[in-house]
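Labels below follow one simple rule: chain letters A, B, ... track the order of the sequence lines, proteins then strands, and each chain is numbered from 1. Owing to the predicted nature of the structure, the values given are computational and were not obtained by experimental measurement.
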Protein chains: 2
Amino acid sequence: MSKSEHTRSALLQSATRQFGEFGYSNASLRKIAGQAGVDVALISRYFGGKLGLFNASLKECLNWPELLDPANDPIETAIEKFTDPTSEDHKFSTTRMIILNADDPIVGERVRVALFDKLIDPLEARMDGAHVKERLAMFIAVIVGASITRYSLQVPGMASADAKMHSRQLRHLIDAALSFKC
Amino acid sequence: MSKSEHTRSALLQSATRQFGEFGYSNASLRKIAGQAGVDVALISRYFGGKLGLFNASLKECLNWPELLDPANDPIETAIEKFTDPTSEDHKFSTTRMIILNADDPIVGERVRVALFDKLIDPLEARMDGAHVKERLAMFIAVIVGASITRYSLQVPGMASADAKMHSRQLRHLIDAALSFKC
DNA sequence: AATATTTGTCAACAAGTGTTGACTTCATGC
DNA sequence: GCATGAAGTCAACACTTGTTGACAAATATT
């Protein structure tokens, strides 16, 4: 790994944390560079600017090839990815990255398009039964709502629940979402 | 209504729109004042600054006395308030105001405390049965998740659903949340 | 009518933002 | 050893932000 690749990836990792924690507009390039131990000007050099850095970070976040693998159940894969149990801190999960930036006046549109291209459309293509669109939307709503309730709002009934209990809550709601009949 | 009260309320209304659409940090005092047809400096005069303006707006948003009225069913009242069918544009709903600012580095803590004081704790006090905390958290998750999915992410299965269909989706998930048994 | 109080206007401020270009340092080729 | 190009440093830029204080206009009070 060359020197430039090293700083590039350090920048990308730091950016993903900051964008995921504070959102695009609240994240500062100087803080991103500082956390990566690198000069601010290098961001423009390697990514062309703040927008380019965000795009690179977004692309990395939403790269979920497992979703396309026929060997995997799409819903189970999505649950694993969304709840992201490997991440050390859910503050920096992909779910948060999406939610926090979906309304941004600058990158919101981009985030939504990427979300559809990389996640929602592939998921929809692999679901069957009646009312796929409606059930999928309800599934997304449950995942997103649970994430916000647990980590952003910190409502005790979810925030203080242990992993097992939270998993039961999630499964119960997901089952309801997927079994919806108009 | 005196002159000063008029500009004060115009400022407050404009602020609620901007804070609800862009979030605290992305909202600009100059735009708020401009939309209210008033000079920027008057914000500092009437509200003491940006933070004071936000607090006033937040207080107004979360003033839901109907929730405490024993004549009303608390859950039904909460649903009405959260889904906010009277608002001309859900972009400026109370739900959005809360979600969009719950993570802000400056006002996030304030928003969460107000949410608990004014909504969650009163709701919890009026619910009965087993596992109240867990079921309430799941209820919140459904409301919040549906709002984001429909209005922020704009997932077609919810965003394109008419009012009747969306209401059925919401009821189905809420029933599941409230009937949860550990 | 003259004074006092409220209400509104304007310009400036310090701080922070993303971005740029000239410069130095470093490593690799010949 | 020297020259070439990559990699990193630094200071400045134009701009926006929230806030402040001095001033003008309008309204109310005596």
Sub-4.0 Å heavy-atom contacts from residues 29-42 of chain B onto DNA chain C, ordered by number: B/Arg30, B/Asp39, B/Ala41, B/Leu42

Length of the line joining B/Asn26:CG and D/dG18:C1', which is rounded to integer Å: 15 Å

Whether over 12 other heavy atoms sit under 6.0 Å from A/Arg110 CZ: no

B/Asn72 (side chain) donor-acceptor with B/Pro74 (main chain) under 3.5 angstrom: no

Pairwise side-chain contact, B/Leu62 with B/Ile98, heavy-atom cut-off 4.5 Å (strictly under): yes

Whole-Å distance separating the CZ atom of B/Phe22 from the P atom of D/dT17: 12 Å

Contact list for residues 58-68 of chain B, test side chain to side chain donor-acceptor pair (under 3.5 Å), sequence neighbours left out: B/Glu66-B/Lys81

Side-chain N or O of B/Ser4 closer than 4.0 Å to phosphate OP1/OP2 of C/dT6: no

Touch class at under 4.0 angstrom, heavy-atom based, for A/Ser44 against every strand present: base

Worked verdict on B/Phe139 versus B/Ile120 for side-chain contact (heavy atoms from CB on, under 4.5 Å): CA-CA 11 Å; B/Phe139 170 72; B/Ile120 295 185; over 6 Å; no

Interatomic distance, B/Tyr46 OH vs D/dG18 C1' [rounded to whole Å]: 19 Å

Side-chain donor/acceptor of A/Arg96 to backbone N/O of A/Glu21, under 3.5 Å: yes

A/Glu124 atom CD, over 12 foreign heavy atoms within 6.0 Å: yes

Cluster check B/Ile99, B/Leu153: I/L/V/M/F/W/Y, side chain < 4.5 angstrom: yes

Residue B/Thr7, side-chain atoms from C-beta onward, closest of C/dT20, C/dG8, D/dT20: C/dG8

Residues from residues 49-57 of chain B lying under 4.0 Å of DNA chain D - heavy atoms: B/Gly49, B/Lys50

Atom-pair distance (CZ on B/Arg45; C1' on C/dG8), nearest Å: 7 Å

Interatomic distance where CD1 belongs to B/Ile43 and C1' belongs to C/dC10 [whole Å]: 16 Å

Whole-Å gap separating C1' (D/dG8) and CD (A/Glu5): 17 Å

Interatomic distance, A/His6 NE2 vs D/dG8 P [rounded to whole Å]: 10 Å

Donor on one side chain, acceptor on other, B/Thr16 and B/Ser57, under 3.5 Å: yes

